Amino acid sequence: MGQKVELVENTPVAILGEGTVWHPFEKVLYWVDITGEKLHRYDPVKKENKTYPTGSMIGTVVPAAGEYTVLLALETGIYGMAANGVLHQLINYPNELQGNRFNDGKCDPAGRFWVGTMNKKVVKGAGNLYVFDGQVLTVKQAEVTISNGIVWASDGQTMYFIDTAEQCIFAYDFTQATGELSNRRIAINVPAELGAPDGMTIDSEGMLWVAHWGGHAVIQWNPNTGEQLRVIDVPAPHVTSCAFGGADLNTLFISTAKEGLSEKQLQAYPLSGSLFQIALDVQGLPAGVYR
């Protein structure tokens, strides 16, 4: 048995909760409901969740510095959100297969926004992983099926990336100055019985924490050995993302989904779609910020 989580107070139930990220300046958790078309902002001190309707599916959210508080990846493009909640479009959605949308994404240590795409009907190889530098979207990994979790090691020399359909976690050599990728390899093969790898975060010791869709858990993995280290049990089958937050970055926030579950499964797991948290004995790394 793994460690147990608790419900986060005063947060809504999402259809497809995703994109958990701790804003290092605001000291709040942002997270999204993709198909519910909502951005959420949770303040753990006030125990208050604010909701912002987005008008279309929202793939992910990342912290920003300067005139915007966060960047959002919506169906029509990438937007900056000002402190008053007003959205400003920064770039259009790329020219891709009809029915594609943005999915997960994060900022690298240099402040670039990496964001992936997928087809709503999950067409194999229909998506890409992009980087947005404030001017253009550039393809960095083509022919992705379900672009998902992405993180960087603390030294900035390795990037980890999940294409959920591949049932593995890839590692790349990363050049921070230019954002170039090389030497793609498999860091972790995820056994199918553990569910499919979805969102991901990294701790200060370089270990990966992976949300397992269909696996009822977040699992800590050693990317250097491929070893499974520990399991965080979650009372929902579809675990979608996780992020370290809180004052000491030692609270793991975990999102889940109702989407894709049968009525029988929803009856068995009534907390599906909820946001959870657990205090851990390890710290996360601060989230990358768009600059």
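Just so it is clear, the model here is predicted, and its values are computed rather than measured.
The side chain to side chain donor-acceptor pair (under 3.5 Å) search around Asp163 returns none, not counting sequence neighbours. Under the side chain to side chain donor-acceptor pair (under 3.5 Å) criterion, Asp248 pairs with no residue at all, not counting sequence neighbours. The salt bridge (charged side-chain N to carboxylate O under 4.0 Å, His left out) search around Glu75 returns Lys120, not counting sequence neighbours. With sequence neighbours excluded, no residue forms a salt bridge (charged side-chain N to carboxylate O under 4.0 Å, His left out) with Lys27. Annotation: side chain to side chain donor-acceptor pair (under 3.5 Å) contacts of Ser272 (sequence neighbours excluded): none. By the salt bridge (charged side-chain N to carboxylate O under 4.0 Å, His left out) test, Lys38 pairs with no residue at all, sequence neighbours left out. Taking Trp114 as the reference, Asp108 meet the side chain to side chain donor-acceptor pair (under 3.5 Å) condition, with sequence neighbours excluded.
Applying the 4.5 Å side-chain rule to ILVMFWY residues, one finds Leu266 in the same cluster as Leu261. Summarising the hydrophobic clusters (Ile, Leu, Val, Met, Phe, Trp, Tyr; side-chain heavy atoms under 4.5 Å, direct or chained), the residues clustered with Met118 are Val122, Ile146.
Side-chain contact between Tyr160 and Ile188 is absent, with no heavy atoms from C-beta onward closer than 4.5 Å.
Residue Thr164 forms a side chain to side chain donor-acceptor pair (under 3.5 Å) with just one option from Asp198, Asp104, Asn148, Asn103, and that option is Asn148. Between Tyr172 and the choices Lys140, Gln141, Arg185, the side chain to side chain donor-acceptor pair (under 3.5 Å) rule is met once, by Gln141.
Closest approach of Ser241 and Thr20 over heavy atoms only: OG-OG1, 2.9 Å. Summarising the geometry of Met200 relative to Phe161, their closest heavy-atom pair is CE-N, 4.1 Å, with the distance given to 0.1 Å. Between Ala126 and Asn119, the shortest heavy-atom contact is CB-CB, 4.0 Å.
Legend: ring-ring contact (aromatic ring centres under 6.0 Å, His included) pairs involving residues 24-43, not counting sequence neighbours, sorted by first then second residue: His23-Phe25, His23-Tyr30, Trp31-His40. The ring-ring contact (aromatic ring centres under 6.0 Å, His included) contacts involving residues 45-84 comprise Tyr68-His88, where partners must be two or more places apart or lie in separate chains.
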Side-chain atoms of residues 8-17: list all donor-acceptor pairs with protein atoms under 3.5 Å, sequence neighbours left out, distances to 0.1 Å.
from, atom 1, to, atom 2, distance (Å)
Asn10, ND2, Lys47, O, 2.8
Thr11, OG1, Val8, O, 2.9

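The line from NE2 of His216 to CG of Leu194 is 11.5 Å long, rounded to the nearest 0.5 Å. Between Met159 atom CE and Asp173 atom CG the span is 11.0 Å, to the nearest 0.5 Å.
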